[in-house]
Amino acid sequence: MKEARKLSRRSVRTERRLFLADGPKAVEGALEVPARVVEVFATPSAREQYVDLLADVDVTLVDDRALASLSDAVTPAGVVAVCRQLDVPLAEVLGGDLVAICADVRDPGNAGTVVRCADAAGADGVVFAGDAVDPSNPKTVRASVGSLFHVPFAIERDPAAAVRAAQEAGFVVLAADGGGEVDLFEADALLARRTAWLFGNEAWGLPDELAALADHRVRIPIHGRAESLNLATAAAVCLYASARTRR
């Protein structure tokens with residue numbers, strides 16, 4: 001338990017290549033590949049509640065107080081798994097046809113929701129680039145609702161390098177930009193190609209020098225009085241537009 005608690009710190013997660021999956025959905029995703037799971041902690045009541053999930057799993061039973069010390073949820077669900085890190089090389093993520101590049105996306109809830117949207121839209125991977133949140137942050141894992149275990153993701157410290165790698169792999173890179181010259185709903189010809197969506201920080205969006213590296217800047221049309229959409233919503237709209245065109 002002491003060692004598992006230390007995984008709340010990014011430095012420890014990075015050093016040990018371990019992280020915590022909190023809650024039944026996250027644990028279910030982790031258990032799809034049993035070799036990924038190091039240990040599962042649960043309260044006696046949670047083991048009874050999630051009997052189908054934990055039936056064939058070696059579980060370390062702990063009391064509610066001990067389990068709560070592993071969870072940052074307001075109401076812990078009673079089950080937490082220690083898992084091996086999941087990130088893969090950038091080239092592996094770029095082996096598909098539709099990816100999302102998150103540049104300097106720092107909010108763990110937004111990052112997890114983008115992963116969930118990518119999963120729902122059938123995207124092939126997500127790249128966390130620059131000063132982005134650690135994908136194994138407990139809030140990111142929880143916000144993905146298990147999708148972090150379904151969608152391959154890579155970590156690239158240089159966002160420009162991620163963009164260039166996508167282009168070299170044959171992707172058209174589309175920067176999600178409220179002032180973009182291309183209307184999303186008039187971009188079917190672009191969306192039918194191998195596409196890498198480039199999303200920026202929640203507060204200030206994409207730096208001009210990074211957006212300029214993209215092949216096109218694409219805007220989501222706003223018909224009402226709202227100034228813009230938040231990151232997670234914009235990512236969902238863009239990824240589903242690509243999915244609709246591709247299908």
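In this chain, numbering begins with 1 at the start of the sequence shown.
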| request: Would you check, one step at a time, whether the test side chain to side chain contact (heavy atoms under 4.5 Å, CB included) holds for F19 with L86? | output: CA-CA 9 Å; F19 71 103; L86 304 171; 3.8 Å; yes

| task | Give the C-alpha distance, both sets of side-chain angles, the deciding distance and a yes or no for side chain to side chain contact (heavy atoms under 4.5 Å, CB included) between V141 and D22. | result | CA-CA 8 Å; V141 178; D22 183 4; over 6 Å; no

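For D87, the side-chain contact (heavy atoms from CB on, under 4.5 Å) partners are R17, Q85, F153, I155, not counting sequence neighbours. Residues meeting the side-chain contact (heavy atoms from CB on, under 4.5 Å) test with T60, sequence neighbours left out: E39, F41, V62. The side-chain contact (heavy atoms from CB on, under 4.5 Å) test applied to D56 returns no partner, not counting sequence neighbours.
Between the CZ atom in R142 and the CG atom in N137 there is a gap of 9.0 Å [rounded to 0.5 Å]. Atom CG of D124 is separated from atom CG of D119 by 11.0 Å, given to the nearest 0.5 angstrom. Of the inter-residue distances, the one linking R9 atom CZ with D134 atom CG reads 13.5 Å to the nearest 0.5 angstrom. Once rounded to the nearest 0.5 Å, the distance linking NZ of K6 with CZ of R16 reads 5.0 Å. Between atom CG of residue L7 and atom CG of residue L20 there is a gap of 5.0 Å, rounded to the nearest 0.5 Å. Distance check, rounded to the nearest 0.5 Å: CD of Q167 to CG of D215 gives 4.5 Å.
No more than 12 heavy atoms of other residues, nucleotides or ligands sit less than 6.0 Å from atom CG of D58. For R193, the CZ atom sits in a loose shell: 12 or fewer heavy atoms of surrounding residues, nucleotides or ligands are nearer than 6.0 Å.
Among pairs with a residue in residues 224-237, none fulfils salt bridge (charged side-chain N to carboxylate O under 4.0 Å, His left out), at least two apart in sequence or across chains.
Chaining together hydrophobic side chains whose heavy atoms lie under 4.5 Å apart places L184 alongside L98, V105, V114, V172, L174, V182, F185, L190, L191, W197, F199, V218, I220, I222, L229, L231, V237, L239. Counting Ile, Leu, Val, Met, Phe, Trp and Tyr side chains that sit under 4.5 Å apart, directly or through other members, V127 shares a hydrophobic cluster with V88, L90, V93, L94, V99, I101, V163, F171, V173, L198, L206, L210, L213.
Among all heavy-atom pairs drawn from P138 and R13, the shortest one is CD-NH1, 3.8 Å. Nearest heavy-atom pair across A214 and A175 is CB-CB, 3.7 Å. G109 approaches T113 most closely through the heavy-atom pair O-OG1, 2.8 Å. For A46 against A77, the heavy-atom pair with the smallest separation is CB-O, 4.0 Å. In plain terms, the two heavy atoms of F128 and A111 that are nearest each other are CE2-CB, 3.8 Å. Here the shortest heavy-atom pairing between H150 and G29 reads NE2-CA, 4.4 Å.
The same ILVMFWY cluster, assembled from side-chain heavy atoms under 4.5 Å apart, contains both L61 and V27. V151 and V145 end up in different hydrophobic clusters when Ile, Leu, Val, Met, Phe, Trp and Tyr side chains are linked at under 4.5 Å. The cluster map of Ile, Leu, Val, Met, Phe, Trp and Tyr, joined by side-chain heavy atoms under 4.5 Å apart, puts V82 and V37 in different clusters. Residues L53 and V59 fall within the same hydrophobic cluster, defined by Ile, Leu, Val, Met, Phe, Trp and Tyr side chains chained together at heavy-atom separations under 4.5 Å. Under the 4.5 Å side-chain heavy-atom criterion for grouping Ile, Leu, Val, Met, Phe, Trp and Tyr, V57 is not connected to V33 through any hydrophobic cluster.
Looking only at side-chain heavy atoms (C-beta outward), V38 and R84 come within less than 4.5 Å of each other. Side-chain contact between D72 and S8: absent, with no pair of heavy atoms (C-beta onward) separated by less than 4.5 Å. Contact of the N230 side chain with the E202 side chain is not registered, since no non-hydrogen atoms from C-beta on lie closer than 4.5 Å. Residues V79 and Q49 are not in side-chain contact: their nearest non-hydrogen atoms beyond the backbone lie 4.5 Å or more apart.
In this structure, D188 pairs ionically with R244, as a charged nitrogen and a carboxylate oxygen lie closer than 4.0 Å.
A side-chain donor-acceptor contact under 3.5 Å links S69 to the backbone of A66. Of the possible polar contacts, one joining the T245 side chain to the A241 backbone as a donor-acceptor pair under 3.5 Å is found. A donor-acceptor pair is defined here as one N or O able to donate and one able to accept, closer than 3.5 Å; such a pair exists between the side chain of R194 and the backbone of A169. With S144 contributing its side chain and G112 its backbone, the two residues share no donor-acceptor pair below 3.5 Å. Of the possible donor and acceptor atoms, one in the side chain of R219 sits under 3.5 Å from a partner among the backbone N and O of G180.
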